[in-house]
Amino acid sequence: MSTTRLRFAPAPTGSLHLGSARTALFNWLVAQGSGGQLILRIEDTNAELTRPELIDNIYRSLEWLQIGFDGEPVRQSERTDLYNDAVEGWISDGLAYVDDGAVRFRVPSEGTTSWNDTVRGTVIFENQHIEDFVVRRADGTATFFTANAVDDFDLGITHVVRGEDLVNVTPKVIMLRQALGAQDMPEFAHLPLIVNEQRKKLSKRRDDVALESYRERGVLAAAMVNYLALLGWGPPDDIEVRPIEEIAALFQLADVNPSPAMFDVKKLESINGDYIRAMTQEEFSEALTPWLKNEIWGSSVDHDRLSQVAPLVQERTRVLSEGPPQLDFFFLETPEIDQSAWEKVMTTAEAPLILESAKMAFATLEWDVDVLHESLRAIGESHDMKLGKAQAPIRVAVTGRLVGPPLFESMHALGRETVLERIAAAHTKLGAT
RNA sequence: GCCCCCAUCGUCUAGCGGCCUAGGACACCGGCCUUUCACGCCGGCAGCACGGGUUCGAAUCCCGUUGGGGGUGCCA
């Protein structure tokens with residue numbers, strides 16, 4: 001029995017593109033599910049694509065996604081002899097000819113070239129519509145077609161899984177493979193494109209296509225991979241959010257939907273929120289660390305303190321970068337007061353009374369979450385206000401904002417002294433205006 | 001222009017001739033829970049592009065129309 005062998009073959013053109021990441025993932029899923037091998041092949045036949053930092057980018061992104069490969073990466077820039085031999089062979093067999101310094105493959109003017117695509121069914125091209133394409137440039141380097149056909153053959157690739165934008169090169173690659181003397185063809189599967197709201201292929205110019213930028217915003221690798229798997233494929237049991245190993249066990253190339261899929265950031269973030277909530281509290285506060293540097297107070301954070309308060313915002317965080325901003329009042333000397341929040345709740349007749357009462361009550365009561373809760377509830381009641389209303393001035397005074405983590409837990413963590421200071425400051429500020 | 005492909009709720013999908021009065025998820029809208037926001041729970045809105053066939057029976061098969069996309073480089 002022959003083992004399944006796949007390859008992910010990106011061209012190094014900067015940060016890994018979402019579409020490429022999805023292609024890498026689907027290749028990986030097939031390899032996992034079939035117990036086969038997955039090879040990473042860098043398509044850098046073009047000299048400017050051989051820059052090391054571009055290639056490092058790919059490695060870094062794939063490593064982050066935890067998409068692993070078998071063996072060392074194959075660099076096409078290091079296999080030029082192989083391609084030259086192939087081209088020379090085609091010339092001497094009369095299958096290719098020199099044209100203006102370049103070498104072109106002679107495409108028959110009759111007949112058809114077709115294959116049975118695993119996701120799209122039979123695809124047929126009439127040879128008369130295919131031009132004599134270039135297999136070696138005038139500068140002596142091999143083109144994509146040549147390198148692709150030679151490598152897939154030489155590396156024993158059994159499944160070619162790639163984007164739909166490559167459908168039209170497939171007949172050319174098939175011809176070259178036959179010209180190489182191959183008796184068999186790999187299984188081809190062309191994945192649907194990932195498109196934007198305008199239903200156009202994601203493009204670098206218009207869309208946020210860099211995998212890296214989602215990572216920087218605090219999308220977890222596991223969530224990204226989970227979401228990507230859902231683009232063009234759906235689990236048979238309707239359970240969408242699940243470990244990638246489970247997806248690999250369920251995934252079938254033939255089940256992939258051939259129509260284009262829109263990249264929906266909202267859904268990605270929803271899934272990311274699921275993954276964040278599934279973390280332990282320790283994992284979550286640890287995961288927040290890289291995003292601290294965006295905050296002015298972030299450089300001097302006490303990590304014990306952070307792990308104490310981070311759980312308060314865990315279920316309120318969809319992407320990690322949203323975490324630290326919700327925690328600022330714990331680490332700032334004085335909270336940054338949101339102007340519109342202040343105007344909304346501090347300009348009522350009750351606000352000063354609530355602050356006044358709380359200032360007195362909080363000075364002596366037992367510093368306990370439940371006691372604080374009950375105390376504020378009673379204060380509100382004495383002014384004929386529901387707790388939801390009564391807590392607002394205190395919340396603004398203590399946290400600076402109208403919304404945030406649970407108030408009593410926050411005050412408890414902050415400590416009596418700080419809370420009293422902030423309430424007093426707000427009270428004074430009110431009196432002054 | 002030419003070649004190739006695609007077509008189920010706004011979006012991602014399930015469906016592979018009867019189980020469909022079309023299921024799930026995200027989004028959206030209500031409600032409950034509730035110390036704000038969130039989480040959670042309950043409910044709602046909303047779709048087989050259109051027209052012909054085939055069949056006892058079609059979202060599912062065939063043809064056409066329309067609409068959309070991809071490609072058309074000595075890029076990959």
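Sequence lines set the chain letters: A, B, ... in the order given, protein chains first and strands last, and positions in each chain run from 1.
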Check every strand shown and say whether [X] touches a base, only sugar-phosphate, or nothing at a heavy-atom separation below 4.0 Å.
X	value
A:P236	nothing
A:P258	sugar-phosphate
A:G232	sugar-phosphate
A:R401	nothing

Is the shortest side-chain N to carboxylate O distance from [X] to [Y] below 4.0 Å?
X	Y	value
A:E164	A:R120	yes
A:D152	A:R41	yes
A:K172	A:E131	yes

- Message: Let's see if you can work this out: which of B:rU36, B:rU13, B:rC5 has an atom nearest to the side-chain heavy atoms of A:A261?
- Response: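 Taking heavy atoms from C-beta onward, the closest nucleotide is B:rU13.
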
- Task: Give the nucleotide from the list B:rC5, B:rU36, B:rC16 with an atom nearest to the side chain of A:R395.
- Result: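 The answer is B:rU36, which lies nearest to the side chain.
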
Any-strand Watson-Crick or G-U partner of [N], both distances under 3.5 Å:
N	result
B:rA7	B:rU66
B:rC39	none
B:rA14	none
B:rC48	none
B:rC2	B:rG71

Taking atom types as modelled and ignoring hydrogens, do the side chains of [X] and [Y] form a donor-acceptor contact shorter than 3.5 angstrom?
X	Y	answer
A:H190	A:T170	yes
A:Q76	A:R79	no
A:R162	A:N148	yes
A:E322	A:Q326	no

Between [N] and [M], how far is it from one [atom1] atom to the other, in whole Å?
N	M	atom1	value
B:rC45	B:rC62	P	34 Å
B:rG52	B:rU11	C1'	31 Å
B:rU55	B:rA46	P	36 Å
B:rG53	B:rA58	P	12 Å
B:rC50	B:rC3	C1'	26 Å
B:rC74	B:rG69	P	26 Å
B:rU21	B:rC48	P	15 Å
B:rC37	B:rA14	C1'	34 Å

What is the distance, to the nearest angstrom, from the [atom1] atom on [X] to the [atom2] atom on [N]?
X	N	atom1	atom2	result
A:W233	B:rG15	CH2	C1'	15 Å
A:E269	B:rC12	CD	P	17 Å
A:M385	B:rU36	CE	P	13 Å
A:F125	B:rC2	CZ	P	16 Å
A:L18	B:rC12	CG	C1'	15 Å
A:E409	B:rC39	CD	C1'	14 Å
A:L387	B:rU35	CG	P	6 Å
A:L250	B:rU13	CG	P	16 Å

- Query: Does OP1 or OP2 of B:rC2 have a side-chain N or O of A:H129 closer than 4.0 Å?
  - Reply: no

- Message: Check the phosphate of B:rA14 against A:N257, side-chain N and O only, distance under 4.0 Å to OP1 or OP2. Yes or no?
- Response: yes

- Query: Taking only residues two or more places apart in sequence or in another chain, which ones pass side chain to side chain donor-acceptor pair (under 3.5 Å) with A:R277?
  - Reply: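 Checked A:R277 against side chain to side chain donor-acceptor pair (under 3.5 Å); matches are A:D274.
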
- Set of salt bridge (charged side-chain N to carboxylate O under 4.0 Å, His left out) partners for A:R206, sequence neighbours left out: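 For A:R206, no residue satisfies salt bridge (charged side-chain N to carboxylate O under 4.0 Å, His left out) once neighbours in sequence are set aside.
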
What string of B, S and - do you get for [range], 5' to 3', when a contact is any protein heavy atom under 4.0 Å?
range	value
nucleotides 64-76 of chain B	-----BSS--BSB
nucleotides 24-29 of chain B	BBSS--
nucleotides 44-49 of chain B	------

- Message: Between A:Y227 and A:F263 (judged by ring centroids, cut-off 6.0 Å), do the two rings come close enough to count as a pair?
- Response: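 Yes: the rings meet the under 6.0 Å criterion.
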
- Close aromatic pair by centroid cut-off 6.0 Å: A:F145 and A:F105: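 Between A:F145 and A:F105, the centre distance exceeds or equals 6.0 Å.
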
- When the ring planes of A:W367 and A:F362 are compared, do they come out parallel, tilted or perpendicular, using 30° and 60° as the limits? perpendicular

- Item | Polar pair under 3.5 Å, donor/acceptor by atom type, side chain A:R120, base B:rC5 | no

- Look up atom NZ in A:K200 and atom CG in A:L193, then write down how far apart they are to the nearest 0.5 Å. 12.0 Å

- Item | Contacts of A:D208 that satisfy side chain to side chain contact (heavy atoms under 4.5 Å, CB included) - sequence neighbours left out | A:S213, A:Y214, A:R217

- Task: Between A:P235 and A:F408, just flag the one whose closest nucleotide in RNA chain B comes earlier from the 5' side.
- Result: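 By nearest-heavy-atom nucleotide position, the 5'-most residue is A:P235.
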
